[in-house]
Protein chains: 2
Amino acid sequence: MQKSGPTPPPTDDRTAAPPPARGRGRPRAFDREAALAQATRLFWSKGYEATSIADLTEAMGIASPSLYAAFGSKEALYVEAVNHYRKSYEGLVWGRFFTAGTAREAVMGLLMDSAATLTGCRGDIPRGCMVTLSAVGSEGHAELGEVVRSARASAVDILTERMARAVAEGEIPASVDLHALARFVQTVQAGMSILARDGAERAELEAVAEVAMLGWDARVGGRPSP
Amino acid sequence: MQKSGPTPPPTDDRTAAPPPARGRGRPRAFDREAALAQATRLFWSKGYEATSIADLTEAMGIASPSLYAAFGSKEALYVEAVNHYRKSYEGLVWGRFFTAGTAREAVMGLLMDSAATLTGCRGDIPRGCMVTLSAVGSEGHAELGEVVRSARASAVDILTERMARAVAEGEIPASVDLHALARFVQTVQAGMSILARDGAERAELEAVAEVAMLGWDARVGGRPSP
DNA sequence: CATATTTTGTATTGATCGACACAGAAATAG
DNA sequence: CTATTTCTGTGTCGATCAATACAAAATATG
């Protein structure tokens, strides 16, 4: 028995479906991406622990063996859901951040778009940020906690990098504590997720963003830090 | 059979142990308050869903029938735990708020004490605010959601009332949007809980609080809102 | 003392959890 | 066609969930 065959690389990397090559056996009867999107929405609105396999199979329109064959386990499905969330929805919040000409406009755009997106004003999506709210509820699941923690860390990294560029371009004085400023923006955005989940309206969060930008201006445009 | 006896009022109100009158039967072998404190810590750090009865009985040092006899159900125990949390720990965060002479000092004290308390720098307590973090994870438990939601609402009420007093005393111009300002402070404090749960240090949150106070100053001390 | 009342410890309850066995169905390969 | 491979649907696995039944133990009352 020849152990050859174009065995596609054993797919050790999670979250990546092997090239969509159509295999040999019975074809899958459901849309994997659509099912993943439904699972994402469910995890997003209910959290990891509170979402059961029964909830998932009902929302995804498949039976549990199909779920396990396609995604492996509940934890692996959650990891894929987080990645799907980031690819599909983070642009709503971070879009203007990357196109803005100044760091101030970038942060302003981030907070304003957060106010709109997190309150569900961008179509029919759950309230709050899936990654931010995963800070709670992923206790006791080390691997999942690491996934969402690194996602949050990347956000603060992006903020810090953008501000460092602004320093290099002369927009922000070199004396400003960029880490504190990035943490401040992260704090406001994280708080927005909780307020939004609690029912706060878009206009309220926009007013919060405006006050936050006053803090930004005072720190950046004002005198060098004490 | 005479239906008399000094039946203490039927204890319809939850969370209130009837006057510690020693009843007739076998005395309870554990300290109800101490057991409640342990349950509070567990709910606080793991959340409602992720905390099982087995976790609770182990931490409280009792068997499940004793738990149910003393507290009624998991939901009722959680409600008592939230009240215990508020009575025992909210003072660490809100203490200076009520003794401060000005609204600014009150808010500054609130945020600074939050930075210290939420990072566990006030003794051996879990990170983050139990009430804030309950915004997530109490989905699908209507009654519990209402308890923690009203607790959060009372926080923003307290903030607004203090600011209204400051307006009456001339500290804050009447033109300032108090609701937006209260929401801003609530947002920063809520965000701090998430950052703290994520591992942020006290000094980082204090730096965040300082930037937030710059926003306060710009809004309150600055020109009347645009 | 005897009796009533309450708690404790052991052992379960039915329900639900995540995950899977198995056989039939649907496709490709030879 | 037959053989092989893969997916679907039914049914169910052991573990754990929240919540109790039951009887022995411990207190108060009479």
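We use all heavy atoms of the structure for the numbers below, so side chains are in, but hydrogens, waters and symmetry mates are not. Note on naming: letters A, B, ... go to the chains in the order of the sequence lines (proteins, then strands), and numbering restarts at 1 for each one.
- Note on the helix from C:dC1-D:dG30 to C:dG30-D:dC1: angle between the axes of the first and last five pairs equals 10°, rounded to 10 degrees.
- Within a 6.0 Å sphere centred on CD of B:Glu75, other residues, nucleotides and ligands contribute more than 12 heavy atoms.
- A donor-acceptor contact shorter than 3.5 Å is absent between the side chain of B:Thr117 and the backbone of B:Ser114.
- Atom CG in B:Leu36 sits 8.0 Å away from atom NZ in B:Lys87 (nearest 0.5 Å).
- Using a 4.0 Å heavy-atom criterion, one finds that A:Phe71 contacts no nucleic acid atom at all.
- Using a cut-off of 4.0 Å between Lys/Arg side-chain N and Asp/Glu carboxylate O, A:Arg127 and A:Asp198 are scored as not salt-bridged.
- Comparing B:Ser64 and B:Ala29, the nucleotide of DNA chain C nearest to each residue sits closer to the 5' end for B:Ala29.
- Look at CZ on A:Arg32: it is 14 Å from C1' on D:dC7, rounded to the nearest Å.
- Distance A:Ile62 CD1 to C:dA19 P: 14 Å, rounded to the nearest Å.
- A cation-pi arrangement is absent between B:Arg86 and B:Tyr89, since the terminal nitrogen or guanidinium carbon is not both under 6.0 Å from the aromatic centre and inside a 45° cone about the axis.
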How does each nucleotide of nucleotides 13-18 of chain D score, in 5' to 3' order, for protein heavy atoms under 4.0 Å: base (B), sugar-phosphate only (S), or none (-)?
----SS

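- Atom C1' of nucleotide D:dT5 and atom CZ of A:Arg28 are separated by 14 Å, given to the nearest angstrom.
- Between B:Val208 and B:Val188, some side-chain heavy-atom pair lies under the 4.5 Å cut-off.
- To the nearest 0.5 Å, atoms CG (A:Leu77) and NE2 (A:His84) are separated by 11.0 Å.
- Map A:Pro65 and B:Ser73 each onto its nearest nucleotide of DNA chain D; the residue landing nearer the 5' end is A:Pro65.
- Salt-bridge annotation for A:Arg165 and A:Glu161: absent, with no side-chain N of the basic residue lying under 4.0 Å from a carboxylate O of the acidic one.
- We find that OH of A:Tyr78 is positioned 18 Å from C1' of C:dC17, with the value rounded to whole Å.
- With B:Phe43 as the aromatic partner, B:Arg41 does not meet the cation-pi criteria of under 6.0 angstrom to the ring centre and within 45 degrees of the ring axis.
- Close to D:dC7, at under 4.0 Å from its OP1 or OP2, lies no side-chain N or O of A:Ser66.
- Rounded to whole Å, atom P of C:dT16 lies 13 Å from atom CD of A:Glu58.
- Checked against B:Ser134 for a side chain to side chain donor-acceptor pair (under 3.5 Å), the options B:Tyr78, B:Tyr85, B:Tyr48, B:Trp44 give a single hit: B:Tyr78.
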When every nucleotide of nucleotides 23-30 of chain C is labelled 5' to 3' by its protein contacts under 4.0 Å (heavy atoms), B for base, S for sugar-phosphate only, - for none, what sequence of letters results?
-BBBBBS-

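- If you measure from atom CG of A:Leu56 to atom C1' of C:dA19, you get 13 Å, rounded to the nearest angstrom.
- Note: B:Ile194 CD1 to B:Leu118 CG = 11.5 Å, rounded to the nearest 0.5 Å.
- Distance A:Glu75 CD to C:dC17 P: 17 Å, rounded to the nearest Å.
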